[in-house]
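Residue numbers start from 1 in every chain, and the chains themselves are labelled A, B, ... in the order their sequence lines are given, proteins ahead of strands.
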There are 2 protein chains.
Amino acid sequence: MARAGVTAERLTLAAAELADEIGMENVTVAALARQFGVKDASLYFHIRNAHDLRVRVALLALTELADRVASALAGRAGKDALVAFANAYRTYANEHPGRYAAMQIDLDPETAAASAGVRHAEMTRAILRGYRLAEPDQTDAVRMMHSTFHGFVSLEKTGGFRHTPRSTDDSWARTLDALDAVLSNWPA
Amino acid sequence: MARAGVTAERLTLAAAELADEIGMENVTVAALARQFGVKDASLYFHIRNAHDLRVRVALLALTELADRVASALAGRAGKDALVAFANAYRTYANEHPGRYAAMQIDLDPETAAASAGVRHAEMTRAILRGYRLAEPDQTDAVRMMHSTFHGFVSLEKTGGFRHTPRSTDDSWARTLDALDAVLSNWPA
DNA sequence: GGGTCTAGCCTAGTCACCCTAGGTAAAAAA
DNA sequence: TTTTTTACCTAGGGTGACTAGGCTAGACCC
C-alpha cells in the first residue's frame, strides 16, 4: 500500500483550490479525501475537524493576500498606494473567491492576533500616513477603507450590482477616487 | 392527531428567528421541524427544499429592511436622510444577524428582480437626489454607499474591528460624515 | 539484520441532516 | 354524508462529520 503523502499543508492548499472552484460551502472533508484518493477518516490524522480545515484555509488566504498587498505597495505612496492596495485586494478576491470566502469566517481572538490580518491592518495604516490623519481619525479612516473594499468586492460577487448596466470596473475606479478625496480632506 | 398548523409563512418566520438566535448556518430543516413538533419530512409539503427555505428567509429580511428604511426616510432629505438610512440598515443588521446573513445568499435574477431589494435600490437613489448627482456618478455613488454600509456592518459582525479599542459607533458616525462629504463634493 | 516504534493509512460504525415515496387521518368541499 | 384535498406520518436511501480501533511501511536502534 503506497502512502498518499498527505500533510496538513497540502490539504489546506488543496482545500483552497477546491474552494475557488466549487465554492467554500462545498468543500467537505469527504470531497477533499476523494481528491487525495484516501478515505475521509484518514484526514483526521492531519486536521482536527472540518472547522479546523476552514480556519487553515482562512489563514492561508490572509497570508497570500498580505503578501500581494505588500508587493503591490512597494515604493508607492499617497493615492498611488491607495489604488495599488485596493486593486491587489479586489483582484485577489475575484481570482480566489473561495479563499476570500474562507477569510470571512470569524477566527477566535488569539488565532486572529497571530494571523496575517495584523500585517494587513498595519499596511492599511501605512497608506494613511500619506494623508496625515491623527487618531482617532486614522482608525475611523482605516475602518471606512476596509469597509468600502470588502463591501464592494462582496456585493460584486453576490451579484448586488448586476441589475445596473454600468461597468463595475468603472464604479470601482470612481469609488477609489472618492475615497482618495475624503481621505485628503477628512471632515472635522 | 391534532395538526401543527404549519404554513410556509410561519416556517419562514420561525426560521428567521432561529437564524437570529443560533446563526443562519445552523438553521436546518430538522431543527425547524423539531420546533413545530413535527417530523422533518412533513416540512417538504410546505417548502421545496432547504435552499428554498433560505431564500424565503432572505426575501422576508429584504422586505422587513426595506420597510424599516422607508419609515426611517420619511420626511427627511440630504444628510439627514443618509444618516437615517444608514442607521436603519445597521440597526437591522445588528438586531437580526441571522436575517442579515440570509440576505447575503445570491438570489437568481428573477427572484432578485421581484424582491424588496429593488425598493431598497430605489430608496438609495432617492437619497442621492439631495446631492444632485447625474449619471453615471449616481450609480457609482449608490454602489459606494451600499459597499460602505454592507462592508462596515459585515466587518463589525465578524469581529474585524475588535482589535482596536475605538468605539465602532463613533467610527460609524465619522464614516457617515465622510460619506456625506464626498457625496456633497463628488470628484469629477 | 532483526526488533520496535510510530506515522499514515484502513474498516466499521454512529449520528445528523436532506430528501423521496407512499400511506393515513383530519378537515374542507360537494 | 360522501368525496376530495390537505397535512401529517413512517420508512428508507444518500451524504457528510467524526470516533474507535486495527494493520502496515518505513525509520530508528542495537
Asks: Tell me whether the rings of A:Tyr89 and A:Phe149 are parallel (<30°), tilted (30 to 60°) or perpendicular (>60°).
Replies: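 Tilted: the ring planes of A:Tyr89 and A:Phe149 meet at 30° to 60°.
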Asks: For B:His51 and C:dC19, what is the distance between atoms NE2 and C1' respectively, to the nearest whole Å?
Replies: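 B:His51 atom NE2 is separated from C:dC19 atom C1' by 16 Å.
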Asks: Find the distance B:Glu25:CD to C:dC18:C1' and express it as a whole number of Å.
Replies: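 Rounding to the nearest Å, CD of B:Glu25 and C1' of C:dC18 are 17 Å apart.
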Asks: Evaluate the ring pair (Phe, Tyr, Trp, His ring centres under 6.0 Å) criterion for residues B:Phe85 and B:His120: first the C-alpha distance (whole Å), next the side-chain angles of each, then the deciding distance (0.1 Å), finally the verdict.
Replies: CA-CA 10 Å; B:Phe85 183 112; B:His120 193 271; 5.4 Å; yes
Asks: If you check every side-chain atom of A:Ser42, which of C:dC18, C:dC17, C:dC10 has the closest atom?
Replies: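 Closest of the options to the side chain of A:Ser42: C:dC10.
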Asks: Between B:Asp108 and B:Thr111, do the side chains contain an N or O donor and an N or O acceptor separated by less than 3.5 Å?
Replies: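 Their side chains do contain a donor-acceptor pair, which is all the 3.5 Å distance test asks for.
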Asks: Which nucleotide in the list D:dC18, C:dA7, D:dC9 gets nearest to the side chain of A:Phe45?
Replies: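 Comparing D:dC18, C:dA7, D:dC9 against the side chain of A:Phe45, the answer is C:dA7.
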Asks: If the cut-off is 4.0 Å, is B:His46 near the phosphate of D:dT6, judged by side-chain N/O to OP1 or OP2?
Replies: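 No.
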Asks: Within the structure shown, what part of the strands sits under 4.0 Å from A:Thr28 by heavy-atom distance: base, sugar-phosphate, or nothing?
Replies: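 Sugar-phosphate only.
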Asks: In whole angstrom, what separates B:Leu53's CG from C:dC17's P?
Replies: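 Atom-to-atom, B:Leu53 to C:dC17, this comes out as 14 Å.
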Asks: Rounded to the nearest angstrom, tell me the gap between atom CG in A:Leu18 and atom P in D:dG16.
Replies: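 Taking CG of A:Leu18 and P of D:dG16, I get 12 Å after rounding.
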Asks: To the nearest Å, how far apart are B:Asn26 CG and D:dG16 C1'?
Replies: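 After rounding, the gap between these two atoms is 16 Å.
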Asks: Heavy atoms only, 4.0 Å cut-off, all strands: where does A:Asn49 land among base, sugar-phosphate and nothing?
Replies: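 Sugar-phosphate, no base atom in range.
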Asks: Rounded to the nearest angstrom, tell me the gap between atom CZ in B:Arg34 and atom P in C:dC18.
Replies: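 Nearest whole value for this atom pair: 9 Å.
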Asks: Measure from NZ on A:Lys39 to P on D:dA17 and round the result to the nearest Å.
Replies: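 After rounding, the gap between these two atoms is 15 Å.
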Asks: To the nearest Å, give me how far apart CG (B:Leu32) and P (C:dC17) are.
Replies: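 Computing the B:Leu32:CG to C:dC17:P distance gives 12 Å.
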Asks: Is the closest basic N to carboxylate O distance between A:Arg34 and A:Asp40 below 4.0 Å?
Replies: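 Salt bridge: no.
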Asks: So that I can tick it off, tell me whether B:Glu156 and B:Arg90 are bridged by a salt bridge, with the cut-off set at under 4.0 angstrom between side-chain N and carboxylate O.
Replies: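 Result for this pair is yes, salt bridge flagged.
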Asks: Consider the side chain of A:Tyr44, meaning its heavy atoms from C-beta on, and name the nucleotide among D:dT19, C:dC17, C:dT20 that approaches it most closely.
Replies: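 Nucleotide nearest to A:Tyr44's side chain: D:dT19.
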Asks: Assign A:Ala41 to base, sugar-phosphate, or nothing according to its heavy-atom contacts below 4.0 angstrom with the strands shown.
Replies: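 The residue A:Ala41 makes base contact.
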